[in-house]
Amino acid sequence: MSAPVQPPEARVAAEHPEAAGYRAGRTLPLRVEAMRQLRRRRTLLMGGILAALPFILIVAFAIGGTPDGEDGGGGGRGGSRINLMDVATESAANFAATSLFVSAGFLLVIPVALFCGDTVASEASWSSLRYLLAAPVPRVRLLWSKIVVALGFSLAAMVLLPLVALAAGTAAYGWGPLKLPTGGALAAGDTIPRLALVVAFIFVSQLVTAGLAFWLSTKTDAPLGAVGGAVGLTIVGNVLDAVTALGSWRDFLPAHWQFAWADALQPELEWGGMIKGAAISVTYALILFALAFRGFGRKDIVS
């Protein structure tokens, strides 16, 4: 009668008593990785830039006034067109929404690409990646810890901006309802949930950039290459979306839906554009994350 098959960790413990306490799931805890990333200079610099943006806008509005008559963002490409800049100084909620509008297309792309693209490639550039794997940290566990922390910091960056904008806007313009340029307003009590929905959609829409950056980070030892590549490909997507000759093919571009969150700032909440945009972004992101895990699992680590 054959002996029962032991799990790998049980065999390791039996063959090497000194490894009896080893558990793959306990290697590279999330809190350890989070503290490592939090202490890095680029994290503090990115947080400072995002926290400073609302104050820069307040100064700009004080010097130049609020622009009028310019076309603002679009809701869901087929939703209502709104011009948030026209009402930016009406209340703190308006100011926070405007801060998200001016930063969602490019500025918020940078922290996502930075946190996700720098995470694995930086370890390779420091020649510490092979030592992490020799610890031993399983490859799937290492990537899982890296991407969870990177996405957490990306979300924190997106939350930081409207929080600072609300605080600065309250001091500069007062608290009140979110006035809509198309007429009407959202009650002050409804603005926080709506802004939270906006942030959530922006985060989901940026998962494509996160997936690109993370995949490139597993393919190169140059962090700037991964970060720059993700930002560059995101810009290419925005350029392609501007090519109207592509017609309905643009519906399959994540960039086509990046301002669908404007539908959340209407008197009647509209979900259509946001659902389509989220579905497109999540689909692309899952493919890219799968490629990253598959490629890294077979990669010969020499750095």
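- For the pair Val227 and Ala113, the tightest heavy-atom approach, listed with the atom from each and the gap, is CG2-O, 3.5 Å.
- Side-chain contact between Val208 and Val282: absent, with no pair of heavy atoms (C-beta onward) separated by less than 4.5 Å.
- Side chains of Phe296 and Leu142 form a contact here, defined as non-hydrogen atoms less than 4.5 Å apart.
- Remark: the backbone N or O of Gln266 is paired with a side-chain donor or acceptor of Arg194 at under 3.5 angstrom.
- Formation of a donor-acceptor pair under 3.5 Å by the Trp257 side chain with backbone atoms of Asp251 is found in this model.
- Val140 and Leu286 fall within a single hydrophobic cluster, where Ile, Leu, Val, Met, Phe, Trp and Tyr side chains are chained together by heavy-atom contacts under 4.5 Å.
- Residues in residues 149-178 take part in these ring-ring contact (aromatic ring centres under 6.0 Å, His included) pairs, two or more places apart or across chains: Phe95-Tyr173, Phe115-Phe153.
- One finds the CH2 atom of Trp215 at 12.0 Å from the CZ atom of Arg294 (value rounded to the nearest 0.5 Å).
- Looking only at distances, no side-chain donor or acceptor of Ser217 sits under 3.5 Å from a matching main-chain atom of Phe214.
- For Leu240, the side-chain contact (heavy atoms from CB on, under 4.5 Å) test picks out Val236, Leu246, Leu253, with sequence neighbours left out.
- Ser154 places none of its side-chain heavy atoms less than 4.5 Å from the side chain of Pro111.
- Taking the side-chain contact (heavy atoms from CB on, under 4.5 Å) definition, one finds that Leu178 meets it with Ala93, Asn94, Ala97, Leu180, Leu186, Thr191, Leu265, sequence neighbours left out.
- The heavy-atom pair separating Leu197 from Ala264 by the smallest distance is CD2-CB, 3.8 Å.
- Under the 4.5 Å side-chain criterion, counting only non-hydrogen atoms from C-beta, Val159 is in contact with Leu163.
- Residues satisfying the side-chain contact (heavy atoms from CB on, under 4.5 Å) criterion with Val148, sequence neighbours excluded, are Leu30, Trp144.
- Taken from CG in Leu108 to CE in Met46, the straight-line distance is 8.0 Å, to the nearest 0.5 Å.
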Under the criterion side chain to side chain contact (heavy atoms under 4.5 Å, CB included), I'd like the reasoning laid out for Val102 against Met85: C-alpha separation, chi angles, the key distance, then a yes or no. CA-CA 9 Å; Val102 300; Met85 296 297 289; 3.9 Å; yes
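- Contact between Phe106 and Val231 at its shortest, heavy atoms only, is CE1-CG1, 4.0 Å.
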For His256 and Lys276, what are the C-alpha separation, side-chain angles and deciding distance, and is it a side chain to side chain contact (heavy atoms under 4.5 Å, CB included)? CA-CA 10 Å; His256 190 68; Lys276 291 178 182 178; over 6 Å; no
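- Note: the hydrophobic cluster containing Met35 does not contain Leu44 (ILVMFWY, side chain heavy atoms under 4.5 Å, direct or indirect links).
- Residues Thr234 and Thr209 have side chains that bring a donor and an acceptor to within less than 3.5 angstrom of each other.
- By the 4.5 Å heavy-atom criterion applied to side chains, Val164 and Leu50 are not counted as neighbours.
- Under the 4.5 Å side-chain heavy-atom criterion for Ile, Leu, Val, Met, Phe, Trp and Tyr, Ile49 and Phe55 are members of the same hydrophobic cluster.
- Applying the 6.0 Å contact sphere to CG of Leu224 captures no more than 12 heavy atoms from other residues, nucleotides or ligands.
- Interatomic distance, CE of Met158 versus OG of Ser205, reported as 6.5 Å (0.5 Å rounding).
- Contact check for Leu269 versus Asp263: no side-chain heavy atoms found under the 4.5 Å cut-off.
- Using a 4.5 Å heavy-atom threshold, the side chains of Leu212 and Tyr284 count as separate.
- Partners of Ala172 according to the side-chain contact (heavy atoms from CB on, under 4.5 Å) rule, which considers only residues two or more places apart in sequence or in another chain, are Ile58.
- Using a 4.5 Å heavy-atom threshold, the side chains of Val149 and Thr119 count as separate.
- Taking hydrophobic clusters as Ile, Leu, Val, Met, Phe, Trp and Tyr residues chained together by side-chain heavy-atom distances below 4.5 Å, Phe101 does not share a cluster with Ile56.
- Atom CG of Leu233 is separated from atom CG of Leu288 by 9.5 Å, given to the nearest 0.5 angstrom.
- Listed by chain and number, the residues in a salt bridge (Lys or Arg N to Asp or Glu O under 4.0 Å) with Arg40 are Asp118 (sequence neighbours excluded).
- Within the 3.5 Å criterion, the main-chain N or O of Gln37 finds a donor-acceptor partner in the side chain of Thr43.
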Start with the C-alpha gap between Ile202 and Gln258, add the side-chain angles, then the distance that decides, and say whether side chain to side chain contact (heavy atoms under 4.5 Å, CB included) holds. CA-CA 7 Å; Ile202 293 175; Gln258 64 180 328; over 6 Å; no
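- Atom CG in Leu151 sits 6.5 Å away from atom CG in Leu207 (nearest 0.5 Å).
- For the pair Thr283 (side chain) and Ala279 (backbone), a donor-acceptor distance under 3.5 Å is present.
- When atom types are taken as modelled, the side chain of Ser99 and the backbone of Pro162 share no donor-acceptor pair closer than 3.5 angstrom.
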Checking Met274 against Val204 for the side chain to side chain contact (heavy atoms under 4.5 Å, CB included) test, could you report, in this order, the C-alpha distance in whole Å, the side-chain angles of both residues, the deciding distance, and whether it holds? CA-CA 10 Å; Met274 288 188 288; Val204 172; over 6 Å; no
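- Here the closest non-hydrogen pair linking Val109 and Ala104 is CG2-O, 4.2 Å.
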